[in-house]
Amino acid sequence: MKISRVSVYQVDLPLKEGNYNWSGGKSVSVFDSTIVKIETDEGITGWGEVCPLGPFYLPAFGQGARAGIFELEDVIIGANPLELGKLNRNMDIALKGHPYVKSAIDMACWDILGKKAGLPCCELMGGRYGEDFALYRAISQESPEEMAMKIATYRKEGYRRFQLKVGCSDVDLDIARIHAAASELESGDILIADANTGWLKHEALRVCRGVKDIDVYIEQPCATYEECLAVRQHWDGPFVLDESIDSLTPLIQGHNDLAMDVINIKISKFGGLTKAKQARDLGVELGLGMTIEDSWGGDIITAAISHLAHSTVPGNLFTSTDFNSYVTVSTAHGAPQRIDGRMSASKEPGLGVEPIPEVLGDSLFVLE
Ligand code: MG
């Protein structure tokens, strides 16, 4: 099988809540999503998506994804989409770094592999565990009272795991946010305070002291791995690393240093489903908890997340994300939908999504 044509689309995904705020005053109201359609000489078509969390979360941005895919034309056209290891290797040789650029291409090739095999991607990724899996809800950074209120609102939609966006330089305000949120929790709920690299070390240490009586996970308090490790050594609760874990090398180092209990695997941060699955499988062997998600996305990314999450050993799957329920635009039929705070992967071959042409509009460019 050979890739004969790649069409690249751009779709705006506005947020239902209006905007999404996290550490350091960063905020996004409309996400810039890139969707790719890969056609093959055997008539099988695959779909992929990449959607950075604005241009200032990871070193990634919407225009960059599209420019990078254009740059990879010679590697992609004519390649066998079923040979995922070889294709990823060749993309890495042709374009150093920029993992997010390769994510949508790799995702679309998984869709093709599933359709060729007649199997849902999750079955090719190790097998489907159980009926469904648990989701968390991200709580955008607002006043302590508003954040606590949103926990009550989203619990009514079935969520039981809540990730608070903290990480501002007003340490007392962040401590108040965590206390207010904790006061809303019911038995069985899980609370995560994600600072998204927003605290300096001394600020993180003050927060840890201020919330030491609360059952809360602390996620990525500081910018560097070393700062996070130092904070971790003064915190006796569970600890999550996200931004610092972007490939296998820091994952292995973090495990050896006992730097974290849970890691966050975002598909595009690792460079696609192939590499995210590698990290996921290693995480299972190392006994880590894992959040399986992406930086953001619509229906296609939510479908890809669902296949990777549904094929993760349940004991190791900490949480996952239903990004398509955060945004106002639906880009595909067949995408998984949240039911009572949980989600499951499609039983159709591949990713199980059928994009809607009227929503995608005309392609921005075509490689062939
Ligand atoms: Mg995070």
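This one's a predicted model, so the numbers in the text were calculated from it and none came from an experiment.
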Undergrad: Does the side chain of Ile35 come within less than 4.5 Å of Leu360's, by heavy atoms?
TA: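 In short, these two side chains touch, coming nearer than 4.5 Å.
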Undergrad: Whether the Ser244 and Gln220 side chains hold a donor-acceptor pair (N or O, under 3.5 Å, no angle test) is what I'd like checked.
TA: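 A pair is found: one side chain offers a donor N or O, the other an acceptor, under 3.5 Å apart.
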Undergrad: Going by atom types only, do Ser4 and Glu368 share a side-chain donor-acceptor pair under 3.5 Å?
TA: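 Note: Ser4 and Glu368 side chains miss the donor-acceptor criterion.
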Undergrad: Are any of the side-chain heavy atoms of Met260 and Val240 separated by less than 4.5 Å?
TA: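 No. Closest side-chain heavy atoms not under 4.5 Å.
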Undergrad: Could you tell me whether Lys116 and Glu42 make a salt bridge, using a distance below 4.0 angstrom between a side-chain N and a carboxylate O?
TA: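 Salt bridge flag = yes for Glu42 with Lys116.
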Undergrad: Between Lys277 and Asp281 (salt bridge meaning N to carboxylate O under 4.0 Å), is one present in this structure?
TA: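 Yes, Lys277 and Asp281 are salt-bridged.
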Undergrad: Are any non-hydrogen side-chain atoms of Met343 and Gln337 less than 4.5 angstrom apart?
TA: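 A side-chain contact under 4.5 Å is absent here.
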Undergrad: Indicate the atoms forming the closest heavy-atom contact of Val329 with Val11, along with that distance.
TA: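 Shortest heavy-atom contact: CG1-CG1, 4.3 Å.
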Undergrad: Less than 4.5 Å apart, any side-chain heavy atom of Arg137 and any of Tyr326?
TA: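 Yes - at least one pair of side-chain heavy atoms lies under 4.5 Å apart.
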Undergrad: Kindly work out whether a path of hydrophobic side-chain contacts (I/L/V/M/F/W/Y, heavy atoms less than 4.5 Å apart) joins Ile263 to Leu286.
TA: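 They do share one cluster, since a chain of ILVMFWY contacts under 4.5 Å joins Ile263 to Leu286.
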Undergrad: Hydrogens and angles aside, do Asp299 and Thr302 bring a side-chain donor and acceptor to less than 3.5 Å of each other?
TA: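 Asp299 vs Thr302: no donor-acceptor pair found between side chains.
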Undergrad: Give a yes or no on whether Ile151 and Leu173 share a hydrophobic cluster (residues Ile, Leu, Val, Met, Phe, Trp, Tyr; joining criterion: side-chain heavy atoms under 4.5 Å apart).
TA: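 Ile151 does not cluster with Leu173.
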Undergrad: For Thr321 and Leu135: C-alpha separation, side-chain torsions, deciding distance, then whether side-chain contact (heavy atoms from CB on, under 4.5 Å) applies.
TA: CA-CA 5 Å; Thr321 318; Leu135 301 163; 5.5 Å; no
Undergrad: Mind listing the closest non-hydrogen atom pair of Trp110 and Cys121 along with its distance?
TA: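 Answer, listing the atom of Trp110 first, then Cys121: O-SG, 3.3 Å.
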Undergrad: Taking only Lys NZ, Arg NE, NH1 and NH2, and the carboxylate oxygens of Asp or Glu, determine whether Asp41 and Arg5 approach each other closer than 4.0 Å.
TA: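 Looking at Asp41 and Arg5, the cut-off is not met.
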Undergrad: Taking NZ, NE, NH1 and NH2 as the nitrogens, is one of them in Lys275 or Asp246 under 4.0 Å from a carboxylate oxygen of the other?
TA: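 Salt bridge: no.
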Undergrad: Please find the pair of heavy atoms, one from His307 and one from Leu351, that lie closest to each other, and give the distance.
TA: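 Between these two residues, the closest heavy atoms are NE2-O, 3.0 Å.
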Undergrad: Under a 4.5 Å cut-off applied to non-hydrogen side-chain atoms, are Tyr159 and Asp189 in contact?
TA: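 No, their side chains stay 4.5 Å or more apart.
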Undergrad: Gln233: what forms a side chain to side chain donor-acceptor pair (under 3.5 Å) with it, not counting sequence neighbours?
TA: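 Gln233 satisfies side chain to side chain donor-acceptor pair (under 3.5 Å) with no other residue.
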Undergrad: Please determine whether a side-chain nitrogen of the Lys or Arg among Glu142 and Lys150 lies less than 4.0 Å from a carboxylate oxygen of the Asp or Glu.
TA: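 Answer for the salt bridge query: yes.
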Undergrad: In the structure I gave you, are the side-chain heavy atoms of Thr45 and Ile112 within less than 4.5 Å of one another anywhere?
TA: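 The answer is no; the side chains never approach within 4.5 Å.
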Undergrad: In terms of side-chain heavy atoms, does Asn80 have a donor or acceptor partner in Lys2 at a distance below 3.5 Å?
TA: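 Side chains of Asn80 and Lys2: no pair found under 3.5 Å.
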Undergrad: Any Lys/Arg nitrogen of Asp92 or Lys102 sitting under 4.0 Å from an Asp/Glu carboxylate oxygen of the other?
TA: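 Result for this pair is yes, salt bridge flagged.
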Undergrad: Indicate, with yes or no, if the rings of Phe133 and His310 have centres closer together than 6.0 Å.
TA: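 Ring centroids of Phe133 and His310 are less than 6.0 Å from each other.
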Undergrad: Are Ile192 and Met290 co-members of a hydrophobic cluster defined by side-chain heavy atoms under 4.5 Å apart?
TA: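 No: no chain of side-chain contacts under 4.5 Å links Met290 to Ile192.
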Undergrad: Return the set of residues passing side chain to side chain donor-acceptor pair (under 3.5 Å) with Glu157 (not counting sequence neighbours), or none when no residue passes.
TA: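 Applying side chain to side chain donor-acceptor pair (under 3.5 Å) to Glu157 gives Arg338.
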Undergrad: Applying the ring-ring contact (aromatic ring centres under 6.0 Å, His included) test to Phe323, which of Tyr20, Phe31, Trp296 qualifies?
TA: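 Answer after filtering Tyr20, Phe31, Trp296: Trp296.
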Undergrad: I'd like to check Ile252 versus His255 (side-chain heavy atoms, cut-off strictly below 4.5 Å). Are they in contact?
TA: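 Heavy-atom side-chain distance check fails, nothing below 4.5 Å.
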Undergrad: Among side-chain atoms of Asn19 and Ser27, is any donor-acceptor pair under 3.5 angstrom?
TA: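 Their side chains do not contain a donor-acceptor pair, so the 3.5 Å distance test is not met.
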Undergrad: Counting only N and O atoms by type, is there a donor-acceptor contact under 3.5 Å from the side chain of Glu49 to the main-chain atoms of Ile301?
TA: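 Yes: the side chain of Glu49 pairs with the backbone of Ile301.
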Undergrad: Are Val262 and Val231 grouped together when hydrophobic residues (ILVMFWY) are joined by side-chain heavy atoms under 4.5 angstrom apart?
TA: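 Different hydrophobic clusters.
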Undergrad: What is the minimum heavy-atom distance between Ser33 and Arg66, and which atoms define it?
TA: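 Scanning both residues, the minimum pair turns out to be O-NH1, 4.3 Å.
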Undergrad: Looking only at side-chain N and O atoms, does Tyr57 offer a donor or acceptor that is under 3.5 Å from a partner on Lys266?
TA: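 Yes.
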Undergrad: Which atom names give the shortest non-hydrogen contact between Gly62 and Asp32, and what distance separates them?
TA: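 What the structure gives for the nearest pair is CA-OD2, 3.7 Å.
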Undergrad: Would Tyr217 and Ile175 show up in the same hydrophobic cluster when neighbours are defined by side-chain heavy atoms closer than 4.5 Å?
TA: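 No, Tyr217 does not connect to Ile175 through the hydrophobic network.
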Undergrad: What about the rings of Phe365 and Phe70, do their centers lie closer together than 6.0 Å?
TA: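 Yes, ring centres under 6.0 Å apart.
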Undergrad: Are Asp294 and Ser268 close enough that a side-chain donor and a side-chain acceptor fall under 3.5 Å?
TA: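 Per modelled atom types, Asp294 and Ser268 side chains form a pair under 3.5 Å.
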Undergrad: Below 4.5 Å, heavy atoms only, C-beta onward: do Cys228 and Cys222 meet side chain to side chain?
TA: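 Yes - at least one pair of side-chain heavy atoms lies under 4.5 Å apart.
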Undergrad: Donor-acceptor check, side chain of Ser23 to backbone of Asn196, threshold 3.5 angstrom: yes or no?
TA: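 Side chain of Ser23 to backbone of Asn196, a donor-acceptor pair under 3.5 Å: yes, one is there.
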Undergrad: Verify whether one side chain among Trp22 and Ser140 offers a donor that lies under 3.5 Å from an acceptor in the other.
TA: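 No.
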Undergrad: State plainly whether the residues Arg177 and Asp174 are in salt-bridge range, i.e. N to O under 4.0 Å.
TA: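 Yes.
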Undergrad: Going by the rule side chain to side chain donor-acceptor pair (under 3.5 Å), which residues pair with Tyr136 if we only count those two or more places apart in sequence or in a different chain?
TA: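 Residues passing side chain to side chain donor-acceptor pair (under 3.5 Å) with Tyr136: Glu293.
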Undergrad: State, to 0.1 Å, how close Ser295 and Cys51 come at their nearest heavy-atom pair, and which atoms those are.
TA: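 In terms of heavy atoms, the two residues are closest at OG-O, 3.2 Å.
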